[in-house]
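Since we're looking at a predicted model, the values are computed, not measured.
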Amino acid sequence: DSSSSAISTPRDSEPWARPAEVRTTHVSFIRKGGKLWTEDISSPGISTPQNGEMWVSTSEDKTAAQLSSPRQTMVASEAKTVFSSDHTSVRPRRSVRSSDCSEMRVRDTMSMSYEKYPFLSKVVFSMQFECFCSTFIVCNCVFMGLEAHDFATNQWESAPILRSLLSGSEHLFTAFFLMELVLRFWVLGFTLLDPHRSEGRANLFDAMIVVLTGLILGWAVPLVALISGFNTDGSFFRSITVLRAFRLARLVRVFRKVPLFREAWMLIRGLSDSARTLFWTVVVIFFVTYVFAVFGLMLMVAEIADARKLASNPEEVEVLESLWEMIGGIDRLMYTLIQVLTMDSFHSFMRQILVYVPWSWMYWYAYMAVACFVLM
């Protein structure tokens, strides 16, 4: 309709498609307020030029924003309504998540990186580079295990060459991981650590481990101690060195990145997805154990305490003392209940308690029924 002010009429040289030509056009635009909306529009009532262009009108002014392709994204802060030829407005049906916008930014950054640093981008984004870094992570974990073994047992005190090799390898791994982080940051920039993406959060966690355990604890702290004259062989610095064990968490990245460990990564994902359920399961089991411990102290342990006061036979006193160490207090009884929960050889002390409290078997099996069979 050329008389409509809401539709920009094309030039005479731009032919309109026949109404029978139905095509689907994907339009993405931003409403006022900064919220990004998308709408899939089938075009039985929209006049579309033959080259696939569609005219979209804004609500403020009636000038048309021209889309050069059905899949091109139009960003207009004032665009609110897409008008068809019969003046019916199409409302957006869903909003784009921030993670989708982050993925778009990552793709744009990667394309720009390929233009600016073609060789470096090809290396960083290659699977060979990822496997090479994963191999270094695995080797670092193996060397950390050997170092922890020597730290606890002092077995290689007479082998200074091996200790020097372990110490030097730590600096080599730190330098390599920092170089890898710098290369990735050089290519991707801050989109590498974008917290709106799951990949960005994983990269941020990985970068924190590298900087904390390598740059700070591996280089900065010993250097400051050497300049200040502190003894780096003391227990304090040895405890700080233990924090480097957090680098073992980087093994998760190997499972996540290398296709060979895809099934293992599925198991880790399942564990992480059920972390909230596991947490509340532990909380419920704790409260159930606490309630049973309170009832046990008032009904069962009180009778054991009376028998302990009246006992005169040395053998009986020894048995009651051993029982008292297991159930004589709410903390001890809760620990014993956890032993029952794991079914760790509890029948031995349960038979001893049955001598003094004949009905106690109902107490123990009631706890097992609730905690083991229902909650677990």
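- The only option from Phe295, Phe346, Phe349 that meets the ring-ring contact (aromatic ring centres under 6.0 Å, His included) definition with Trp364 turns out to be Phe349.
- Applying the salt bridge (Lys or Arg N to Asp or Glu O under 4.0 Å) criterion to Arg253, with sequence neighbours excluded, gives Glu130, Glu180, Asp206.
- In this structure a side-chain-to-backbone donor-acceptor pair under 3.5 Å is present from Tyr363 to Phe292.
- Met112 is linked by a side-chain contact (heavy atoms from CB on, under 4.5 Å) to nothing, counting only residues two or more places apart in sequence or in another chain.
- Members clustered with Leu267: none, using a 4.5 Å side-chain heavy-atom cutoff among hydrophobic residues.
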Listed pairs under 3.5 Å, donor-acceptor, residues 220-228 side chains, sequence neighbours left out:
residue	atom	partner	partner atom	Å
Ser228	OG	Val224	O	2.9

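- The salt bridge (charged side-chain N to carboxylate O under 4.0 Å, His left out) contacts involving residues 311-323 comprise Arg308-Glu321, where partners must be two or more places apart or lie in separate chains.
- Every pair tested for salt bridge (charged side-chain N to carboxylate O under 4.0 Å, His left out) that includes a residue from residues 328-344 fails, sequence neighbours excluded, so the list is empty.
- Sorted pairs that involve residues 266-275 and meet side chain to side chain donor-acceptor pair (under 3.5 Å), not counting sequence neighbours, are lacking altogether.
- Every residue two or more places apart in sequence or in another chain that forms a salt bridge (Lys or Arg N to Asp or Glu O under 4.0 Å) with Arg163 is listed here: Asp150.
- Proximity of Lys116 to Ser121: side-chain heavy atoms (C-beta onward) are nowhere separated by under 4.5 Å.
- In this structure, Ile209 shares a hydrophobic cluster with Phe205, the cluster being traced through Ile, Leu, Val, Met, Phe, Trp and Tyr side chains under 4.5 angstrom apart.
- Val142 pairs by the side-chain contact (heavy atoms from CB on, under 4.5 Å) definition with nothing, not counting sequence neighbours.
- Taking Ile, Leu, Val, Met, Phe, Trp and Tyr as members and joining any whose side-chain heavy atoms lie under 4.5 Å apart, directly or through other members, the hydrophobic cluster of Leu271 also contains Leu278.
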Hey, mind stepping through His149 and Trp156 against side chain to side chain donor-acceptor pair (under 3.5 Å) and telling me if it holds?
CA-CA 9 Å; His149 176 77; Trp156 297 321; 5.5 Å; no

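- Contacts classified as salt bridge (charged side-chain N to carboxylate O under 4.0 Å, His left out) and involving residues 294-304 (residues at least two apart or in different chains) are not found.
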